[in-house]
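Quick caveat: nothing in here was measured; it's all calculated off a predicted structure.
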Amino acid sequence: MTVRTRYAPSPTGVPHVGNIRTALFDYLLARHFGGQFIVRIEDTDRQRYVPESVAGIAESLRWLGLEWDEGLDKGGPYGPYVQSERLTAYRAAADRLLAQGDAYACWCSAQRLEEVRAEQARRKQPPRYDRRCRDAAGSAAARREAEAEGHSPVVRFKTPLEGTVSLDDAIHGPLTFDLSTIDDFVLLKSDGFPVYALAYIVDDEAMRITHVLRGDEWIPSAPRHVLVYRALGVEIPVIAHLPRILGPDGAKLSKRHGATSVFEYREQGYLPDALFNFLGLIGWSLDDKTDIISREQFIERFTLDRVVKSPAVFNVDKLTWMNGVYIREMPEARLVETFTEWLDRGLPSSVARPLDRALVGRIAPLVRERVKLLSEVTGYCDFFFMDAVSPSADDLLGNAFASKPADAKAALERATDALEAVGAWTHDEIEVALRALGAQSGMKAGDLFSLVRVAVTGRRVTPPLFESMEIVGRERCIGRLRAAAALL
RNA sequence: GGCGCCAUCGUCUAGAGGCCCAGGACGCCGCCCUUUCAAGGCGGAGAUCGCGGGUUCGAAUCCCGCUGGCGCUACCA
């Protein structure tokens with residue numbers, strides 16, 4: 001039997017990293033066993049439906065490199081892969097349950113349901129449907145009211161009153177629930193749309209899904225699902241409830257903790273490879289020491305039995321570190337391409353486009369090991385691209401010259417002279433000249449260098465100075481040195 | 001209120017009775033390298049394995065109880 005997993009998001013907003021981690025595990029499990037990874041849209045909640053988010057889901061999956069085999073824009077043999085287009089199947093399943101006596105029509109109004117719950121709350125009873133429509137008399141009465149008010153019925157599952165239900169979770173092991181705590185839940189809403197518990201089971205069967213992965217907030221409703229599987233005569237797939245991803249305070253990861261959307265991470269300059277690796281390590285591990293893991297390795301090694309039960313806090317610092325690792329390990333050509341993209345976005349419009357790739361190619365080696373986020377690239381190398389820089393006097397003087405600007409000005413002038421005299425404009429020659437100047441003028445080398453650094457780059461923190469100067473070129477360096485001297 | 005899930009350094013985790021007075025990684029702190037910042041190297045602090053009982057010659061690992069955190073309790077997923 002081939003393994004078929006599915007990622008079944010609700011199109012209600014932007015793709016959340018917690019959600020996408022489930023997709024990642026679905027993907028890995030399917031690939032590990034050489035099976036199929038399917039994406040199905042669960043748009044049965046018409047209130048929360050956001051049409052544009054379907055495209056966002058596809059985009060985030062593609063960006064992360066979670067290529068699917070069926071669904072979304074790909075179609076496939078078991079389509080449609082959108083629940084709103086499968087309504088007849090749910091209706092048919094509901095009718096079957098109705099005919100079998102496993103379900104019944106409930107005519108109670110939303111208002112009555114609310115009143116019942118309020119009353120139960122008042123009495124400190126667990127809020128639950130009171131099963132008024134479960135028997136003929138109650139149903140008939142409710143129906144008269146409903147028809148007077150003009151509202152349609154829902155279909156409810158007729159939950160057995162006593163006994164237990166169990167399921168064997170692939171991660172949590174056996175889970176058992178008391179039927180007396182489960183009420184008669186809704187299967188089909190009055191608008192004709194199914195509720196999750198009916199829709200996913202019908203679809204998973206139709207689509208031959210073998211493994212269901214979802215967040216463990218679903219555990220409490222799992223027994224209902226077992227009831228539906230049985231009533232429908234559907235074989236229960238492997239069910240795995242994944243540990244959730246939390247914010248630093250232990251609560252559900254949300255906006256107030258920082259970025260939650262996959263796109264926000266992309267915007268901040270995280271690499272898909274890094275996010276893939278990081279997310280793959282939330283709730284799963286390869287062994288006791290490996291944390292940089294290639295996609296191939298993930299696929300080769302991923303199994304459900306190494307998924308942990310406990311929830312995990314999303315540790316952005318580690319993601320950021322990991323992103324730096326991936327940037328450092330990126331092949332040269334791809335690095336240049338990536339840096340060029342980010343520079344194109346980040347550099348002021350005064351810099352001529354298209355950007356000089358050869359130049360980026362010379363800069364990249366100097367910058368790659370200092371960058372943790374791609375969004376930082378521009379800040380490290382804008383001065384290579386600009387005609388002039390505009391350092392502040394304070395930055396120029398730093399601590400060393402704070403009280404003696406005249407000395408700084410003199411040093412800048414002497415540096416200008418020394419650099420004009422340099423033979424070949426290479427970083428070695430530049431360094432020799434500047435060191436000689438430092439030694440003969442009695443300045444600390446570091447003080448002189450940082451003065452020159454700010455003058456040439458406009459910044460206090462930069463890639464290595466001499467290599468940078470070599471790339472910036474003699475003309476521009478000397479011009480910037482003069483401009484800086486004039487500033488003091 | 002009811003039901004449920006979870007519980008090893010701040011964080012992610014390794015650990016499936018002796019290899020563990022608990023290993024790795026991020027972060028943090030030192031030192032080295034060094035023209036800034038990184039990267040890199042070396043070292044360090046950091047977990048009475050939530051608590052209390054058992055079982056066992058021996059428990060982070062098995063059992064029971066407790067506590068804490070979190071979740072569910074919708075015609076949302």
Side-chain angles (χ1 to χ4, degrees), chain A residues 8-10 12 19 42-48 106 108-110 113-114 117 120-121 123-129 151-156 169 172 175-178 180-183 185-191 193-197 199-200 214-223 241 243-244 246 248 250-252 278 281-292 306 308-322 324-325 328 367-372 380 398 431 434-435 438 444-454 457 459-466:
Chain A
S10 292
T12 54
N19 246 328
E42 307 215 326
D43 58 346
T44 55
D45 185 344
R46 307 316 282 173
Q47 259 71 47
R48 298 198 304 151
C106 168
C108 294
S109 68
L113 261 22
E114 240 166 74
R117 275 194 290 269
Q120 287 162 333
R123 283 198 246 145
K124 302 216 176 233
Q125 299 283 313
R128 239 189 278 180
Y129 177 55
H151 69 254
S152 316
V154 300
V155 175
R156 284 185 187 272
D169 185 282
H172 295 266
L175 262 17
T176 299
F177 301 81
D178 206 321
S180 66
T181 64
I182 303 173
D183 70 354
F185 51 97
V186 171
L187 296 169
L188 210 59
K189 299 184 259 186
S190 55
D191 62 1
F193 278 73
V195 135
Y196 175 80
Y200 103 81
R214 66 183 24 154
D216 64 13
E217 69 271 24
W218 285 102
I219 290 178
S221 42
H241 288 103
R244 315 226 327 280
L246 312 176
K252 181 174 110 174
F278 177 72
L281 248 19
I282 293 187
W284 183 86
S285 63
L286 191 154
D287 57 24
D288 59 340
K289 47 179 66 78
T290 313
D291 35 28
I292 299 298
R306 286 195 66 82
V308 298
K309 299 174 180 179
S310 47
V313 171
F314 192 92
N315 184 184
V316 190
D317 282 345
K318 186 158 184 173
L319 203 212
T320 305
W321 162 79
M322 199 172 268
V325 172
R328 273 171 254 136
V367 186
R368 86 180 313 163
E369 68 202 19
R370 303 162 215 263
V371 170
K372 287 203 174 78
Y380 273 110
E431 178 165 4
L434 253 20
R435 278 195 193 281
K444 280 204 283 185
D447 292 345
L448 173 62
F449 295 165
S450 68
L451 181 61
V452 173
R453 176 190 314 281
V454 176
T457 68
R459 297 178 177 275
R460 310 184 67 152
V461 173
T462 74
L465 180 60
F466 311 121

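Between A:Trp218 and A:Tyr196, the ring center distance clears the sub-6.0 Å criterion.
A:Phe193 has its side chain out of reach of A:Asp43: every pair of non-hydrogen atoms, C-beta onward, lies at least 4.5 Å apart. Looking at A:Phe314 and A:Leu246, their side chains never come closer than 4.5 Å, going by heavy atoms from C-beta outward.
The base of B:U35 sits with one of its N or O atoms less than 3.5 Å from a complementary donor or acceptor on the side chain of A:Arg453. Judged by distance alone with a 3.5 Å cut-off, a donor-acceptor contact links the side chain of A:Ser190 to the base of B:C75.
Taking the P atom of each, B:G71 and B:G54 are spaced 35 Å apart, rounded to whole Å. Going from the P atom of B:A25 to that of B:A39 covers 15 Å, rounded to whole Å. Across B:A74 and B:G2, the matching P atoms stand 16 Å from one another, rounded to whole Å. Nucleotides B:G18 and B:G44, compared at atom P, are 27 Å apart to the nearest Å. Using atom P as the reference point in both B:C72 and B:A16, the two lie 34 Å apart (nearest Å). Spacing between B:U61 and B:A7 at atom P, rounded to whole Å, works out to 12 Å.
At least one donor-acceptor pair closer than 3.5 Å links the side chain of A:Lys189 to the backbone N or O of A:Thr44.
Pairing of B:A25, defined by two Watson-Crick or G-U wobble distances under 3.5 Å, is identified with B:U11. Shown here, B:G40 forms a base pair with B:C32; the pair counts as Watson-Crick or G-U wobble because both key distances fall under 3.5 Å. Across every strand in view, B:G69 sits in a pair with B:C5 that passes the Watson-Crick or G-U test at under 3.5 angstrom.
Closest approach to the A:Lys189 side chain among B:A7, B:C75, B:G1 is made by B:C75 (side chain taken as heavy atoms from C-beta onward). Set against B:C72, B:U35, B:C75, the side chain of A:Leu113 has B:C75 as its closest nucleotide. If you check B:C72, B:C3, B:G15 against the side chain of A:Arg306, the one that comes closest is B:G15.
In this structure, A:Arg117 atom CZ and B:A74 atom P are separated by 5 Å, rounded to whole Å. Atom NE2 of A:His172 and atom C1' of B:G71 are 11 Å apart (whole Å). Rounded to an integer number of Å, the gap from CZ of A:Phe185 to C1' of B:A77 is 15 Å.
Under the 4.0 Å criterion applied to side-chain N and carboxylate O atoms, A:Lys309 and A:Asp216 are not assigned as salt-bridge partners.
Using a 4.0 Å heavy-atom cutoff across all strands shown, A:Leu319 reaches no nucleic acid atom at all.
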